[in-house]
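Read the numbers this way: they start at 1 and go in the same order the structure lists the ligands and their atoms. Here the structure is a predicted model, which means the values were calculated and not measured. Along the sequence shown, residues are numbered consecutively beginning with 1. Keep in mind that the numbers below use all heavy atoms, side chains included, and drop hydrogens, waters and symmetry copies.
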Amino acid sequence: MSFRPALGALSPDQPVASDLAEGFVSHVVQWAAQVGAPADSLAVLAAAARQVSLAIQNGHVCAQVDDLATLFPAQSVAELSRCLLASGMVALAGESHVPPRILPPILPLVLDQGRRLYLHRYFDYERRLAANLRQRAARSPLAHNDDLRRQLDRLFADNARRLGDRPDWQKIAAALAWRGKLTIISGGPGTGKTTTVVALLACLLAENHKLRVALAAPTGKAAARMLDALRKRAGSLSPALQALLPRESHTVHRLLGVTPDPGRFRYHADNPLPIDALIVDEASMLDLALACRLCEAVPPDARLVLLGDKDQLAAVEAGAVFAEISAYPTLTATCIAELSALTSTPAARICLPIAITPTATPTSTPTPLADCVVWFSESHRFASSSGIGRLAANINAGRGGEACAWLATSDDSSVGWLADGSADLAPTTRQAMLDGYRPYLETLARVDLVTQRDQVFAAFDRFRVLCALRETARGVHAINRLLGQHAQHFTGDSAAAESHSPWYPGRPVMVLRNDYVLKLFNGDVGICLPDEAGHLMVWFPEQDAGFRPVAPIRLPEHDSAFAMTVHKSQGSEFESVLLLLPEKTSRVLTRELFYTGVTRASKRVRVVGSQEVLVSACANRTWRHSGLIARLGEAAG
Ligand SMILES: Nc1ncnc2c1ncn2[C@@H]1O[C@H](COP(=O)(O)OP(=O)(O)OP(=O)(O)O)[C@@H](O)[C@H]1O
């Protein structure tokens with residue numbers, strides 16, 4: 001994937017620590033000097049080490065030697081590469097005589113043939129992930145089966161009636177995932193990914209009642225949503241099949257089994273998960289390291305299905321694995337013929353996956369993951385002509401001007417725009433936020449907070465303020481302060497206000513650090529409510545209904561959650577969203593962030609920002625330095 005250094009995909013939740021980079025630079029340079037590196041290589045080495053370290057903190061997997069050239073205009077890129085190798089701190093990877101599965105000597109940095117410069121650890125993750133994916137993709141596909149064809153016809157009969165002659169990509173994806181061991185399904189919100197997985201599981205479980213299926217997602221919220229959606233979509237299956245579906249879902253960390261040893265999981269390549277199939281939702285949130293560990297922990301013969309939205313924000317940590325591996329859907333002629341037989345679809349209608357999405361960019365380097373990737377583009381939640389669908393499509397296509405013109409003139413009530421670009425919030429923006437939470441605050445005043453917690457949570461989940469930034473008057477902290485004061489005022493909790501206690505009934509909080517003892521994870525949201533004895537506790541929803549209390553004093557690092565960053569909102573969905581963009585353009589504000597924020601709303605989204613900021617967000621694409629596609633090519637060699 002190509003890259004512009006200026007467009008790092010910073011998360012506002014992750015501070016940039018240049019101290020880390022400087023520490024690394026000094027360590028590497030000292031080491032190089034000790035082993036007798038030529039003096040003239042040290043300055044280049046220092047610059048390269050700094051660049052790689054900062055790149056990783058900005059979400060890139062590697063840096064590009066070409067970008068060093070601006071610092072050393074007198075030297076060519078080839079000279080700079082030679083200089084780095086001469087320092088003794090940089091290993092060269094991928095020379096034609098080096099088999100790609102052999103790691104170069106353990107040195108702090110690795111340089112590949114594409115002049116990408118890596119920290120050794122990240123090169124290793126990339127290499128291992130690529131080899132794992134490629135091996136899965138190459139597993140012998142299952143042969144055509146008449147029972148399966150009949151079952152797919154039954155499961156997708158409604159689609160057949162609706163679509164007529166058009167191909168049914170849900171059915172094709174289910175057949176593809178049945179046939180192979182690795183399937184990557186990318187689609188926007190409500191495009192039927194979970195429905196397709198239910199059909200796939202129905203086919204697999206009908207064949208083998210004992211199939212061990214696991215469900216996972218990067219966050220607790222996403223995992224819970226996935227299980228809930230799966231149960232709802234399974235309503236059309238026979239009770240016997242419904243009973244065989246998984247009853248729980250896990251965060252990826254919990255699935256892999258956290259150990260007291262940081263960074264080590266219980267399940268890995270040498271102790272794989274005891275499963276036959278794994279479905280991962282919201283896979284775009286997987287960073288390179290976690291994706292590598294997850295894939296390695298899945299037994300080689302198990303089925304792996306990754307669901308996500310390639311247009312959403314990438315992971316907070318380094319890598320954009322899902323966007324990269326799903327970027328180029330290609331089907332071979334053999335696969336098309338088999339899918340045609342399995343789905344009763346004429347082959348000619350299956351053969352142009354690029355046509356599924358008009359924004360697809362043909363590539364000169366197609367992914368080696370042919371026959372593994374499918375895109376869904378038709379949303380069943382909102383039509384492409386509807387407010388949110390149209391806004392999302394304009395953002396994705398980078399048509400900021402059109403998005404604004406349409407927002408300004410549309411009378412579609414599912415989208416709205418407050419053209420407020422002031423550094424402080426305009427009164428209309430404040431009022432829109434207060435109005436958004438009014439039903440929640442009224443619910444707090446109306447229901448019994450001890451016996452009707454479910455109603456409190458349901459009311460809270462209907463509306464959310466999403467911010468691009470944490471700081472500034474339009475950031476999460478300031479908005480949470482404002483809404484917290486309003487909530488205390490509204491519910492008449494003057495006692496808490498006077499005692500300066502941060503705890504009051506109805507205060508929503510988001511956990512910001514994993515606590516494996518308390519089983520609370522970064523991103524979990526709870527609400528402060530009294531228990532039977534009248535003590536304020538923070539209640540967290542449990543997967544199988546019910547709520548778990550945690551004493552406020554025991555909570556790991558947390559923050560109020562009336563407003564959250566778009567990054568933290570990934571994997572969640574709310575009926576109504578107010579998306580607060582910063583007053584001026586920022587490198588955090590990317591097309592992916594804008595799209596992710598808008599598509600968290602299922603019914604209504606209101607965007608707050610100036611026209612200049614909206615247009616610039618649409619134009620600002622996230623590019624991340626990575627060599628995953630190159631590694632996949634090598635792994636195939
Ligand atoms: N082929 C279809 N025809 C009509 N409705 C459908 C179809 N497929 C899915 N739906 C409906 O569309 C909604 C979204 O489906 P689903 O949850 O499967 O999508 P998703 O892509 O998993 O969504 P999310 O982005 O929330 O994860 C559901 O109400 C589902 O019943």
N/O to N/O below 3.5 Å, does that happen between G192 and ligand 1?
-> yes

Can you tell me which residue and heavy atom of the protein come closest to atom 9 (C) of ligand 1, and the distance to 0.1 Å?
-> T195 OG1, 3.2 Å

Answer with yes or no whether R162 contacts ligand 1, where contact means a heavy atom under 4.0 Å from a ligand atom.
-> yes

heavy-atom search around atom 23 (O) of ligand 1 in the protein gives G190 N, 3.1 Å

Atom 20 (P) of ligand 1: the protein heavy-atom neighbour that sits closest, reported with distance to 0.1 Å | K193 N, 3.5 Å

Do ligand 1 and D281 have nitrogen or oxygen atoms that lie under 3.5 Å from each other?
-> no

Which of the atoms in ligand 1, numbered in the order shown and given with their element, are less than 4.0 Å from a heavy-atom of T194?
-> 17 (O), 18 (O), 20 (P), 22 (O)

Can you list the ligand 1 atoms lying under 4.0 Å from a non-hydrogen atom of N159?
-> 1 (N), 2 (C), 3 (N)

May I ask you to check whether R233 has an N/O atom sitting below 3.5 Å from an N/O atom of ligand 1?
-> yes

Got the closest protein heavy atom to atom 11 (C) of ligand 1, with its distance?
-> H380 CB, 3.8 Å

Atom 8 (N) of ligand 1 sits nearest the protein heavy atom Q170 NE2, 3.1 Å

Taking C-beta and beyond as the side chain, do K171 and D153 meet within less than 4.5 Å on heavy atoms?
-> yes

Crowding at CZ, R548 (>12 non-hydrogen neighbours, <6.0 Å) = yes

What do you reckon, does R225 put a non-hydrogen atom under 4.0 Å from ligand 1?
-> yes

Side-chain donor-acceptor pairs of residues 187-195 under 3.5 Å, sequence neighbours excluded:
{"unit_1": "T191", "atom_1": "OG1", "unit_2": "G188", "atom_2": "O", "d": "2.7"}
{"unit_1": "K193", "atom_1": "NZ", "unit_2": "G187", "atom_2": "O", "d": "3.0"}
{"unit_1": "K193", "atom_1": "NZ", "unit_2": "G188", "atom_2": "O", "d": "2.9"}

Contacts table for residues 456-465: side-chain donor-acceptor under 3.5 angstrom, sequence neighbours left out:
{"unit_1": "D461", "atom_1": "OD1", "unit_2": "R464", "atom_2": "NH2", "d": "3.1"}
{"unit_1": "R464", "atom_1": "NH1", "unit_2": "F460", "atom_2": "O", "d": "2.8"}

Is the number of heavy atoms from other residues, nucleotides or ligands within 6.0 Å of CZ (R247) greater than 12?
-> no

